[in-house]
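Below is one structure, written out as structure tokens; the observations come after it.
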Amino acid sequence: MKYLVSNWERVLELFFQHLFLISVSLVIALAISIPVGVIISKVKVLYNPVVGLLGIIYTIPSMALFALLIPLVGLGTRSAIFALVMYAQMILVRNVVAALEGISPAIFEAAKGMGMGRWRIFWKIEMPLAMPVIIAGIRITLVSLIGIGAIAAYINAGGLGLLIFEGINQFNPQKVIAGTVAITLLAIVTDQLLQLLQKKVMRSA
């Protein structure tokens, strides 16, 4: 904890780098996973091949995936974001599908009986009802990305993982502790905030 206290400015800088990396990755991942999840929830035949492919990607060790991406997109933040977006898809897509398939068919019949069109049903009924489950998926994804994002320091993407790698290379346990504590706090706070959001959405759904 000594390093964390005496070098708080550098830790804070790396904290914001880590936060930026995770935030951008999540936004891009959601922009991909929500449409994909909606499509395969409607076209059932696509579910197994798509989820199977995402499952294979998810099982690739993060260090190996980062290394594989270096020849394609190089070192740095771009490569890290690319990898994190790939890792996020498995959890997010499955949760989107589960959320949409968990809605009772009777609700759709009632909406159609009221004269609501397909798009209006989707935006006014499906998405609001599915949102608690989708947010639960986002919670799991974010905690995973925060941990995996620490390894992105290996490819010069910055973030709190840099403290851990520096500490190991320099035989400085204080740096390792500082990086570990900061990453853990970020994961806990993020999870708690999303848990509050999930409860609020569930009450309003």
Side-chain angles (χ1 to χ4, degrees), residues 17-102 127 130-162 164-165 179-180 182-195 197-198:
Q17 285 182 12
H18 205 98
L19 193 61
F20 172 79
L21 181 67
I22 302 306
S23 300
V24 172
S25 300
L26 180 66
V27 170
I28 297 173
L30 285 171
I32 297 170
S33 62
I34 291 178
V36 170
V38 171
I39 291 170
I40 66 176
S41 71
K42 307 299 182 185
V43 186
K44 308 293 185 183
V45 70
L46 294 176
Y47 181 84
N48 285 334
V50 171
V51 173
L53 176 61
L54 295 179
I56 292 171
I57 295 171
Y58 192 73
T59 58
I60 299 173
S62 53
M63 191 75 80
L65 183 58
F66 285 133
L68 288 171
L69 288 174
I70 291 174
L72 299 176
V73 289
L75 295 168
T77 304
R78 184 171 60 178
S79 182
I81 290 173
F82 196 93
L84 292 174
V85 168
M86 291 172 67
Y87 273 121
Q89 295 307 306
M90 177 64 178
I91 302 171
L92 292 175
V93 168
R94 288 184 65 176
N95 272 66
V96 170
V97 175
L100 293 173
E101 290 185 343
M127 286 307 292
M131 198 53 65
V133 178
I134 293 174
I135 293 175
I138 294 173
R139 282 179 59 196
I140 299 169
T141 302
L142 265 178
V143 173
S144 298
L145 293 185
I146 288 169
I148 298 171
I151 303 172
Y154 175 74
I155 56 170
N156 296 332
L160 293 167
L162 191 61
I164 296 175
F165 283 104
T180 304
I183 292 168
T184 302
L185 287 175
L186 177 59
I188 292 172
V189 171
T190 301
D191 182 69
Q192 291 300 310
L193 289 174
L194 282 173
Q195 187 175 12
L197 177 61
Q198 184 181 359

Check: Given Val51 and Ile40, is the side chain to side chain contact (heavy atoms under 4.5 Å, CB included) satisfied, shown in steps?
Finding: CA-CA 9 Å; Val51 173; Ile40 66 176; 4.2 Å; yes

Are [X] and [Y] close enough that some pair of their side-chain heavy atoms sits under 4.5 Å apart?
{"X": "Ile134", "Y": "Met127", "answer": "yes"}
{"X": "Gln89", "Y": "Val85", "answer": "yes"}
{"X": "Leu194", "Y": "Leu197", "answer": "yes"}
{"X": "Val96", "Y": "Ser41", "answer": "no"}
{"X": "Ile148", "Y": "Phe66", "answer": "yes"}
{"X": "Ser62", "Y": "Tyr87", "answer": "yes"}
{"X": "Thr190", "Y": "Val143", "answer": "no"}

[atom1]/[X] to [atom2]/[Y] distance, rounded to the nearest 0.5 angstrom?
{"X": "Ile28", "Y": "Ile81", "atom1": "CD1", "atom2": "CD1", "result": "5.5 Å"}
{"X": "Asn95", "Y": "Leu100", "atom1": "CG", "atom2": "CG", "result": "10.5 Å"}
{"X": "Ile22", "Y": "Leu160", "atom1": "CD1", "atom2": "CG", "result": "9.5 Å"}
{"X": "Leu84", "Y": "Thr141", "atom1": "CG", "atom2": "OG1", "result": "11.0 Å"}
{"X": "Gln195", "Y": "Arg139", "atom1": "CD", "atom2": "CZ", "result": "4.5 Å"}
{"X": "Ile60", "Y": "Leu68", "atom1": "CD1", "atom2": "CG", "result": "7.0 Å"}

Checklist line | Name of the residue among Met90, Arg94, Met86 meeting side-chain contact (heavy atoms from CB on, under 4.5 Å) with Leu54 | finding: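 Exactly one candidate clears the test, Met90.
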
Margin query: Looking at Glu101 and Lys42, is any side-chain nitrogen of the basic one under 4.0 Å from a carboxylate oxygen of the acidic one?
Written below: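 No, no charged N to carboxylate O under 4.0 Å.
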
Item checked: Neighbour count >12 (heavy atoms, 6.0 Å) for atom OH, Tyr47 ->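 It does: Tyr47 OH has more than 12 such atoms within range.
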
Notebook entry, point to check: Got more than 12 heavy atoms from elsewhere within 6.0 Å of OH, Tyr58?
Noted result: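 No.
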
When you measure from the side chain of [X] to the backbone N and O of [Y], does any donor-acceptor pair fall under 3.5 Å?
{"X": "Ser23", "Y": "Phe20", "result": "no"}
{"X": "Ser79", "Y": "Gly76", "result": "no"}
{"X": "His18", "Y": "Ile146", "result": "yes"}

Next item on the list: Could you please spell out the steps behind the side chain to side chain contact (heavy atoms under 4.5 Å, CB included) verdict for Leu145 and Leu21?
Entry: CA-CA 9 Å; Leu145 293 185; Leu21 181 67; over 6 Å; no

Identify the two heavy atoms, one from [X] and one from [Y], that lie closest to each other, and give their separation to 0.1 Å.
{"X": "Ala157", "Y": "Ala80", "value": "CB-CB, 3.6 Å"}
{"X": "Val97", "Y": "Gly37", "value": "CG2-O, 3.5 Å"}
{"X": "Gly159", "Y": "Gln17", "value": "N-OE1, 3.0 Å"}
{"X": "Ala150", "Y": "Phe165", "value": "O-CE1, 3.7 Å"}

